[in-house]
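Proteins get letters first, then strands, A, B, ... in listed order; numbering begins at 1 in each.
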2 protein chains.
Amino acid sequence: MNMTLETVSTNKTHGGVQGVYKHRSVATGTEMTFSVFVPDHAEGAYLPVLTYLSGLTCTHANVTEKGEYRAACAKHGIIFVAPDTSPRGDEVPDDDAYDFGKGAGFYVNATEEPWAQHFQMRRYVEEELPALIQQNFPADMARQGIMGHSMGGHGALTISLRNPGRYRSTSAFAPIVAPLECPWGEKALTGYIGADKAAWREYDACALIEDGARLPDLLVDQGTADGFLEEQLKTHLLQKAVDAAGIPARIRMQEGYDHSYYFISTFMAEHVDWHAERMKG
Amino acid sequence: MNMTLETVSTNKTHGGVQGVYKHRSVATGTEMTFSVFVPDHAEGAYLPVLTYLSGLTCTHANVTEKGEYRAACAKHGIIFVAPDTSPRGDEVPDDDAYDFGKGAGFYVNATEEPWAQHFQMRRYVEEELPALIQQNFPADMARQGIMGHSMGGHGALTISLRNPGRYRSTSAFAPIVAPLECPWGEKALTGYIGADKAAWREYDACALIEDGARLPDLLVDQGTADGFLEEQLKTHLLQKAVDAAGIPARIRMQEGYDHSYYFISTFMAEHVDWHAERMKG
């Protein structure tokens, strides 16, 4: 695996360094860009790592600029990693829609053409990115947490559910909880994985739980004024699945909040606190 | 004065509402856009108002998205107002440079052509905007603070110095402290006000202090890695002016910080705390 990183930018902030980096990805066969915040820390220390997966249309930049995570990560001494949401570049196939193709990788390994060559975001986030982080940053990979927003909440939940024990903590803002049951999911999984719905179940948090996957706990915030709640997000299906499985999830319906970073930034510090508690020691 | 506001957007955030509004401005003769955060508050309460003036190239959006002020304003119950940095629109004259014309109003009342008709940002920020805020929001205008970044730090300092007693608190991030002594200032003031440097002194914080203007105190943060420090910002001139005048300013050189919102957001909560203390009761 090519571990060479190119530094796009670094800025001192909240006592640490917010960096943006790019590299040639083996998983996607493209250049990939991601951001990493490393808080101030003692020489030789290794810090827990919190990975944040973004939603449709986003790059690493949205949460990096608007997520308001740095104060909390500096307080707890947590590295914060934010990858892109799809492969990028002129060689990558695309779709005119905002919810398929570039900016909409859905954290799957595509098997259908023309997507299979580059849309390998599951492999990228599960394998390549953690190896890069371990190699290039003062990261204690035994203490990882994962979180995400919307499509990235789907990514965080499904990646954590498929890799028991890897993440000490899992949380999401307004996640897509059941791609099998919503238009965004049906479109993306049909396109990337094909028509056989049995193959979709490993990319559906509710189906994974129904099929036996477990997490020790889970934190989810969902705004009640989120325009995607009813048709796409369907938080109640996750509530039903965790209840049936006996997973002690904390799923909070937040009155009046929408789907934007104004919502995410409001609860970000609480999520980081919650991850920090589970990543200690 | 036309007090009709049009709401561009509102989002619930940090328990309050982040709004963006536009209106026909009498001062600039154009449409103007600004943002206001109103924290959660008791019915019938009137809250102190903190106005933030942005730097070159910015609109209201930069600090609204990247300033990380809402948590602190929510904690203290402070309204946060962020205007644009110049008139906008096809009818407004412009210059190809980033430091003159649109995005670079310098908080002056222009007297030179073709700028005089629209570039009346001093009048806009000093007179029209406060009246709009008072009329349309639960604002206690007896408790105001003002702050800004770079060109907006210049705006905050000069507006506060020219209006003794109006602002209970004044602070700045990386302000232009002496437009008379730097290329940005010379270019802008020559263009907007004309060649007579005597007329510039009311737009120069150091000159205003030399000429007798006073503030009870002052908070300034300046990054030592700020690429504009030496040629444009010249913080030491402000230190010299406040020392000579006996103004107990707290001017902090922040090691390794640059000119970006990564710097501003790091110290924003401390600035809001500092304003809150002075705007109490």
Side-chain angles (χ1 to χ4, degrees), chain A residues 8-20 35-40 58 60-75 80 82 173-174 221-227 229 252-273, chain B residues 8-20 35-40 58 60-75 80 82 173-174 221-227 229 252-273:
Chain A
V8 176
S9 64
T10 58
N11 297 83
K12 184 167 178 184
T13 181
H14 289 89
V17 175
Q18 178 64 62
V20 178
S35 81
V36 180
F37 174 67
V38 179
D40 189 29
C58 289
H60 72 282
N62 303 67
V63 71
T64 304
E65 295 177 356
K66 301 192 282 191
E68 303 196 17
Y69 56 81
R70 281 176 287 268
C73 287
K75 180 178 72 176
F80 189 98
F173 301 102
D221 279 312
Q222 172 62 55
T224 63
D226 184 329
L229 175 54
R252 311 189 296 189
M253 300 304 290
Q254 300 288 4
E255 188 64 32
Y257 286 90
D258 61 25
H259 200 64
S260 71
Y261 273 90
Y262 292 112
F263 156 63
I264 296 170
S265 63
T266 298
F267 299 103
M268 179 62 86
E270 284 182 43
H271 279 238
V272 174
D273 288 350
Chain B
V8 176
S9 63
T10 58
N11 297 83
K12 184 168 178 183
T13 182
H14 288 89
V17 175
Q18 179 65 61
V20 177
S35 82
V36 180
F37 175 66
V38 179
D40 189 29
C58 290
H60 71 282
N62 303 67
V63 71
T64 305
E65 294 176 357
K66 301 192 282 192
E68 303 196 17
Y69 56 80
R70 282 176 287 268
C73 287
K75 180 177 72 174
F80 189 98
F173 302 102
D221 279 313
Q222 172 62 55
T224 63
D226 184 329
L229 175 54
R252 309 188 299 189
M253 299 306 290
Q254 299 288 4
E255 188 62 34
Y257 286 90
D258 62 24
H259 200 66
S260 72
Y261 272 91
Y262 292 113
F263 156 64
I264 297 170
S265 63
T266 299
F267 299 103
M268 179 62 87
E270 284 182 45
H271 279 237
V272 174
D273 287 351

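Proximity to chain B is absent for every atom of A/Ser9, based on heavy atoms less than 4.5 angstrom apart. With a 4.5 Å cut-off on non-hydrogen atoms, B/Glu68 touches chain A through its backbone and its side chain both. Contacts between A/Asp258 and chain B at a heavy-atom distance below 4.5 Å involve the side chain alone, from C-beta outward. Both the backbone and the side chain of A/Glu65 come within contact range of chain B, each with at least one heavy atom under 4.5 Å from a heavy atom of that chain.
Going from atom CZ of B/Arg70 over to atom OG1 of A/Thr266 covers 7.5 Å, rounded to the nearest 0.5 Å. Within the model, atoms OH of B/Tyr257 and OG1 of A/Thr13 stand 6.5 Å from one another, a figure rounded to the nearest 0.5 Å. Atom CD of B/Glu255 and atom NZ of A/Lys12 lie 6.5 Å apart (nearest 0.5 Å).
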May I have the step-by-step check of side chain to side chain contact (heavy atoms under 4.5 Å, CB included) for B/Tyr262 and A/Val17, ending in yes or no? CA-CA 9 Å; B/Tyr262 292 113; A/Val17 175; over 6 Å; no
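Ranked by heavy-atom pairs under 4.5 Å with chain A, the first of B/Ser265, B/Gly15, B/Gly67 is B/Ser265.
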